[in-house]
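All values below come from the heavy atoms of this structure, side chains included, with hydrogens, waters and symmetry mates left out.
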Amino acid sequence: MVFAAPNQALARAEEVLGADPSPLHASVAHQVIGIWQRDWGDMRIALDHLRRARDLAARSESADREADVLAALGVALVHAGRTRQGLAALERGVEVAGGHTRARVLFRRAYASWVLGQHKAALEDVRRAIPVLRQAEDVIWTARALTLRATVHLALGAVERADADFTAAEALWDTTGQEHDKADAVESRGLAAYRSGDVPAALRLLDEAQERYAKLGTPTFMLTVRRCEVLMAAGLAREALAEADAAIKVLDGIGGQSTLKAELLLAAARAARAEGDAHTAIARADLAVRLFAGQRRSWWETHARLVLIEARVAAGRGSGRLVADAAAVAERLASFGAPAAPEASLLAGRIALDLGWHEDAQRHLEVAARSRHSGPPLARMTGWAARALWARAVGSDRRVLEACRRGLDVLDDHRTTLGASELRARATAQGAELAALAARSSLASGGPRRLLVWSERWRATALSAPPTRPPADPGLLSDLTAFREIAARAEAARTEGRPVPALEREQRRLEREIRSRTHHIRGDAPGDGYRFDPADLLERLGDDVRLVELAVLDGRVQVLLCGRGRVRRFEGGLLADAEREAEHVQAGLRRLAHPGAEARLPVVEAAGRRLEELLLGPAAAQLGSGPVVVVPPGRLHRVPWALLPSLRERVFSVSPSASSWLRARGTAPPAGGRQVLVRGPGLATGGAEVPELADRHGSATVLEYDDARVPRVLEELDGAALAHIAAHGTFRADSPLFSSLRMADGPLIVHDFERLDRSPYRIILSCCDTARFASVGADELLGLVTALLPLGTAGVVACSAPVNDEAVVPLMLALHKGLSAGASMAEALRDARAALPGDAVHQATGWAFSAFGAA
């Protein structure tokens with residue numbers, strides 16, 4: 001009962017002990033309390049009860065009772081880090097038990113061996129136990145044994161064997177009422193899905209397991225370890241680190257299992273390393289190594305040593321000693337049959353290369369490269385990275401590019417399994433090293449045109465296909481509705497000066513739920529096989545249009561100027577200098593949004609000239625007289641491009657990638673030319689341009705006041721030719737897909753737009769911060785604009801800085817006048833800027849807006 005209804009079992013056991021039981025019954029009751037405390041409470045209390053159960057079992061003169069308690073005690077001692085005592089208790093249990101009970105004891109010794117990382121011993125014991133349990137028709141323990149064997153197979157990389165055992169165990173669990181064991185089976189299936197490369201399924205199953213455990217009221221420390229592993233594979237390292245650290249704090253508070261604390265520390269170290277926090281990773285990994293060593297868990301200790309070495313290298317501590325350490329770790333992992341062995345060999349090879357030890361590097365990299373043809377996606381990418389590094393060391397640019405191409409193909413295949421745009425974007429970080437290697441070699445071997453190809457290969461890859469449209473999930477729709485209601489109530493409370501902590505907590509909870517549900521969505525189609533072709537781009541640009549793609553090599557901006565049938569390269573300044581200058585410009589524009597700051601105008605204009613020198617360099621004089629398309633890296637998303645002197649009076653648009661611009665250029669407008677005007681609440685001007693635009697466009701649908709509610713707005717936006725939305729924009733740097741536009745019933749967020757069959761062909765977002773993005777993954781951008789472009793929107797006008805609401809009105813009216821005359825978004829915006837009054841407030845307002853896409 002303790003694994004079917006744990007808390008009820010605990011209460012029943014305490015009742016038994018209060019009724020003057022016999023030694024036999026008292027032994028059972030103490031064992032139940034000991035198991036409950038062992039798995040979900042204080043290990044000291046657990047050991048006390050299990051020792052009393054053992055002593056009472058000896059008095060009961062039942063050898064099977066004594067053996068059963070010894071097995072439970074042995075597992076508890078192992079979890080407490082007293083490995084030698086635990087194994088001795090399990091050995092004694094095997095000796096005194098017979099038949100069916102002995103099989104149960106063998107199962108628990110197998111479990112202890114798995115905890116210790118002794119996988120061969122675990123498989124041997126569980127192999128001996130399963131036939132006896134089956135013969136005894138012991139469904140529950142047979143299912144447990146099959147689940148354990150599957151989990152050991154997973155640790156050894158045998159995914160197919162694991163899947164067969166999980167399937168057999170699940171069929172047995174369906175015939176029982178063991179709710180905790182059933183939850184554990186769902187958790188294990190989530191781990192199997194992750195090992196087979198299906199991250200959305202893994203997240204969905206682990207969340208389902210979490211819900212099951214929550215109903216039972218039991219802590220979920222092992223689930224946290226597994227969730228952290230999957231979150232890191234999804235690019236969510238920061239969330240993984242927060243979850244692991246929170247679980248460690250809870251575990252310490254209840255005096256829980258020492259073995260689980262070590263595993264959580266290892267998960268936290270891996271997450272910190274992935275997040276780029278080398279010092280936190282070193283601290284967590286070092287403590288994990290010491291705990292695992294004290295627990296005699298060599299398999300785990302070796303994995304923790306790998307993370308510790310990686311973190312030390314990331315902190316700039318590469319040395320000959322670390323080459324030897326990484327090689328020793330690789331050898332031990334290989335002897336264990338651990339899938340992480342190639343990662344350790346790659347690390348040894350990379351350190352050796354940095355030290356100039358070419359023979360050592362070759363040996364280690366060749367070992368790592370063997371993983372490139374099999375295993376999960378990240379293991380194969382490790383193999384191709386090793387291949388590329390050695391090819392670079394021997395000076396073969398051709399082989400570097402081939403290895404990088406093959407490795408990024410693996411990443412692309414992995415990304416197509418992810419339905420959520422956030423996960424697709426974050427997954428690109430795993431290919432950053434391959435992309436950087438390819439960029440260097442492409443420039444050396446093929447010049448600017450090849451560098452352009454590789455720049456496109458890893459830039460904005462999340463835009464290569466639209467995110468999978470969320471299914472009609474009633475839970476997701478309910479959460480979105482609740483989120484809007486809570487957010488609207490919180491906004492109203494802030495306006496009235498009332499406290500909002502409780503509302504903010506509920507809003508954050510709903511945000512977590514919505515993100516979690518969208519992460520479960522699996523990609524519904526393979527990649528379309530699209531490959532960027534510079535010849536196609538040059539043909540579409542023709543003789544008049546120039547496309548400027550900014551790549552970054554070794555911290556310096558490389559300007560790739562495309563047009564008139566060729567690609568030329570110019571060198572700009574340092575990316576770090578450009579980022580600082582862009583922040584200064586943003587600060588200046590914020591001040592200019594308010595009257596009385598006219599003295600800042602020359603300062604901002606001078607900063608614009610410096611930005612041009614850093615970002616365009618000599619290419620600024622080669623732009624010709626026609627339209628320009630700017631393709632910046634993600635870290636320059638806050639540049640107000642209209643402020644650069646060479647673009648100030650020119651028709652130009654911005655695109656996340658050349659491929660994205662080509663797709664937008666090829667997007668046909670919908671039939672009918674339907675127009676939608678939306679006015680949200682709380683604007684300083686009341687969205688004053690909307691009534692005048694409604695008079696101009698007599699057939700336009702106008703949504704304002706109570707009509708401007710999210711469901712109605714989405715219904716009208718779907719498939720519209722032009723949408724103008726005057727609403728407060730809020731950018732969320734912490735969670736960019738919750739960036740929003742304020743409607744009458746709450747925020748309209750990016751997740752809402754992703755539910756459209758087709759977003760409007762053209763969208764004008766007339767308020768602050770609607771063009772701000774967050775850079776994630778490998779130079780990916782997330783925000784309102786980048787969510788719209790792959791969903792069918794070909795052109796967007798939006799703003800990347802705070803603006804003066806009153807000055808926006810004449811800009812918007814002039815913009816629509818140009819569009820009505822047949823101009824593109826970029827042309828109409830250029831003309832609208834020129835039509836504004838010449839004062840500082842209006843000038844700054846015009847500079848803050850950009851046209852994105854190609855419509």
Taking the side chain as everything from C-beta on, heavy atoms only, tell me whether [X] gets closer than 4.5 Å to [Y].
X    : Y    : answer
N804 : P595 : yes
V585 : V639 : no
L561 : L623 : yes
R762 : L819 : yes
F849 : M812 : yes
W661 : L541 : yes
P645 : R609 : yes
L560 : V631 : no

Calculate, to the nearest 0.5 Å, the distance between atoms [atom1] and [atom2] belonging to [X] and [Y] respectively.
X    : Y    : atom1 : atom2 : answer
R566 : L538 : CZ    : CG    : 11.0 Å
S646 : L616 : OG    : CG    : 5.0 Å
R399 : R392 : CZ    : CZ    : 14.0 Å
L813 : L836 : CG    : CG    : 10.5 Å
F652 : S850 : CZ    : OG    : 4.5 Å
S824 : L829 : OG    : CG    : 9.5 Å

When you measure from the side chain of [X] to the backbone N and O of [Y], does any donor-acceptor pair fall under 3.5 Å?
X    : Y    : answer
R665 : A854 : no
R650 : G626 : yes
S653 : G853 : yes
E456 : A658 : yes
R648 : L643 : yes
Q558 : R569 : no
S442 : A438 : yes
T793 : P760 : yes

(message) How about CD on E649, more than 12 heavy atoms from neighbouring residues, nucleotides or ligands closer than 6.0 Å, or not?
(response) no
(request) Return yes when atom CD of E571 has more than 12 non-hydrogen atoms of other residues, nucleotides or ligands closer than 6.0 Å, and no otherwise. (result) yes
(request) Can you spot which of D533, D536, V629, L547 makes a side-chain contact (heavy atoms from CB on, under 4.5 Å) with L662? (result) D536
(request) Given side-chain contact (heavy atoms from CB on, under 4.5 Å), test F753 with L741 step by step and report yes or no. (result) CA-CA 11 Å; F753 280 108; L741 299 169; 4.2 Å; yes
(request) In sequence, state the C-alpha distance, the side-chain angles, and the governing distance for R610 and D577, and then conclude on side-chain contact (heavy atoms from CB on, under 4.5 Å). (result) CA-CA 10 Å; R610 289 194 297 274; D577 293 343; over 6 Å; no
Please name the pair of heavy atoms, one in [X] and one in [Y], separated by the smallest distance, quoted to 0.1 Å.
X    : Y    : result
L401 : S441 : CD2-CB, 4.1 Å
L636 : W641 : O-CZ2, 4.1 Å
V630 : L647 : CG2-CD1, 4.0 Å
A597 : R591 : CB-O, 3.3 Å
G565 : R449 : O-NH2, 3.5 Å
L644 : L611 : CD1-CB, 4.2 Å

(request) With sequence neighbours excluded, tell me which residues meet ring pair (Phe, Tyr, Trp, His ring centres under 6.0 Å) with W384. (result) H373
Can we say [X] and [Y] salt-bridge, meaning some charged N sits less than 4.0 Å from an Asp/Glu carboxylate O?
X    : Y    : result
K817 : D831 : no
R406 : E402 : yes
E310 : R350 : no
D409 : R405 : yes

(request) Start with the C-alpha gap between I282 and R312, add the side-chain angles, then the distance that decides, and say whether side-chain contact (heavy atoms from CB on, under 4.5 Å) holds. (result) CA-CA 7 Å; I282 289 170; R312 284 174 173 163; 4.1 Å; yes
(message) Under a 3.5 Å cutoff, is there a donor and acceptor pairing between the side chains of H724 and E689?
(response) yes
(message) Going by the rule side-chain contact (heavy atoms from CB on, under 4.5 Å), which residues pair with T667 if we only count those two or more places apart in sequence or in a different chain?
(response) R758, Y761, A794
